[in-house]
Amino acid sequence: MPELPEVEGVVRALAPNIEGKSILEATLSETVCEAHRQGKQCIVKNMEPADFERKMRGMTVKKLSRRAKYIFFDLEKNNETFLMVNHLGMTGAWFIVQHENEILEEKFRNHIHAKFSLSTGELLIFSDIRRFGEFRLLGTIDEHPPLLQMAPEPFDDQALDYFLEKCGLPKYKNKPIKEVIMDGQVISGCGNIYATEALFRAGVHPARKAGRISKKRKIDLFEAIKNVLSEGIEMGGSTISDYRNINGEAGGMQHRLKMYGKKVCPNCSAKTKSMIIAGRTSVYCPKCQH
DNA sequence: TAGCGACACCGGTCGC
DNA sequence: TGCGACCGGTGTCGC
């Protein structure tokens, strides 16, 4: 499950390998094409697969960057600029190979949904087991309004004030804090794993209402979120199920997780509890988190 | 009209 | 061994 640190790792690995290169050919899988024929927006959103393939052909990758959990491809063709936005969904992964046989794990090899032949002869491959990933080819970012609603990057200077302000809004103040910090309009890139960890580190109960937490504790929580996210980036991400970097390697952050998926609290040895918040499993320590 | 909840999208994994 | 239930990030739809 890629969250901000995993996506950051993908971008850092991918960028030096594809920036400046051109896409000679783009091919989507038969699965994607067939799903579109059935009226589903499978992986490629708001565009017919054939259109996507045609438009991607001849694009030069000017720059690769991350925004929240999205990968932004700044593209150029015939002096016109485009933005290709990619989300990894639950199980998306990128590979750069000479041949798809180099993808060692069968489950990734069996679910290749987009292939881009690069000017260097390499193949840039997007594999996605559950097909929750997405591609949107845009002229500019405002063609997809939800992207404009995203909170600032957690490492930006204004992110803390933005978070504190949002917590006080009627829309959020009566919601469980875990639901609030996982909302991309409040904090960018904080998914279930890192939210669970940050709440544990800050000693905040996941179900506590956002409006019932002191400013000081909210600031502590925000710092904890930034810390787990940067630790995640340093460790190359968490590999909980299907996340792989572009070399097919797993990350190391899962070994640093103290609460996500744990049965016993590492601080006080109490049995952890879990509850469903906003439809997601939330693990916490009933003694350490209030 | 804005806001919110329900639902759709999938296949690996787990438990019965 | 086989089958059904479950899980989850995001957008969209309908109330």
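Here is the naming used below: chain letters follow the sequence lines, and residue numbers restart at 1 for every chain. Since the model is a prediction, treat every value here as computed from it, not as a measurement.
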Heavy atoms only, 4.0 Å cut-off, all strands: where does K69(A) land among base, sugar-phosphate and nothing? sugar-phosphate
If you measure from the ring centre of F132(A) to the centre of the six-membered ring in the base of dC10(B), is it under 5.5 Å, with the planes under 30° apart? no
Whole-Å distance, E105(A) CD to dG12(B) C1', equals 13 Å
Rounded to whole angstrom units, what separation is found between the CG atom of L169(A) and the P atom of dG3(B)? 11 Å
State, to the nearest 10°, the angle formed by the axis through the first five base pairs of the helix from dG3(B)-dC15(C) to dC16(B)-dG2(C) and the axis through its last five. 50°
Nucleotide dG9(C), atom P - distance to CD of E3(A) in whole Å: 7 Å
Would you mind reading off the distance between M90(A) atom CE and dA8(B) atom C1', rounded to a whole angstrom? 14 Å
Aromatic ring proximity, centroids under 6.0 angstrom, F126(A) and F135(A): yes
State plainly whether the residues D51(A) and R54(A) are in salt-bridge range, i.e. N to O under 4.0 Å. yes
Reckon K107(A) has a side-chain N or O less than 4.0 Å from the OP1 or OP2 of dT13(B)? yes
Without decimals, in angstroms, what is the distance between I43(A) CD1 and dC10(B) P? 9 Å
Candidate nucleotides dT13(B), dG11(C), dG11(B), ranked by approach to the side chain of R136(A) - the nearest: dG11(C)
Is the ring centre of Y284(A) less than 6.0 Å from the ring centre of F200(A)? no
Would you mind reporting whether N86(A) and F73(A) have side-chain heavy atoms less than 4.5 Å apart? yes
Write down the distance between CG (N86(A)) and P (dT10(C)), rounded to a whole number of angstrom. 12 Å
Taking side-chain contact (heavy atoms from CB on, under 4.5 Å) as the test, write out the residues that go with R280(A), two or more places apart. K178(A), M182(A), N192(A)
dG11(B), OP1 or OP2 - any side-chain N/O from T91(A) closer than 4.0 Å? no
When you measure from the side chain of E134(A), which nucleotide among dC9(B), dG8(C), dG11(C) comes out closest? dG11(C)
Any non-hydrogen side-chain atom of R67(A) less than 4.5 Å from a side-chain atom of S188(A)? yes
Rounded to whole Å, how long is the line connecting atom CD of Q185(A) with atom P of dG11(C)? 9 Å
Any Y172(A) side-chain N or O less than 4.0 Å from OP1/OP2 of dC4(B): no
Would you say the rings of Y70(A) and H87(A) are close, in the sense that their centroids are separated by under 6.0 Å? yes
Can you tell me if the side-chain N/O atoms of N192(A) get under 4.0 Å from OP1 or OP2 in dG9(C)? no
Does H111(A) place a side-chain N or O at less than 4.0 Å from the phosphate oxygens OP1/OP2 of dG12(B)? yes
Which nucleotide in the list dG8(C), dC10(B), dG11(C) gets nearest to the side chain of R131(A)? dC10(B)
Heavy atoms under 4.0 Å, any strand shown: does H113(A) hit a base, just sugar-phosphate, or nothing? nothing
Rounded distance in Å - CD1 (I276(A)) to P (dA5(C)): 18 Å
Of all the nucleotides listed (dT10(C), dC4(B), dC10(B)), which has the minimum atom distance to the side chain of R280(A)? dT10(C)
Would you say H144(A) places a side-chain N or O within less than 4.0 Å of OP1 or OP2 belonging to dG11(C)? yes
Tell me whether E25(A) is salt-bridged to R57(A), with the criterion being a basic N under 4.0 Å from an acidic carboxylate O. yes
At under 4.0 Å, does any side-chain N or O of K171(A) touch on OP1 or OP2 of dA2(B)? no
Identify which nucleotide among dG9(C), dG11(C), dC7(C) has an atom closest to any side-chain atom of R130(A), counting heavy atoms from C-beta outward. dC7(C)
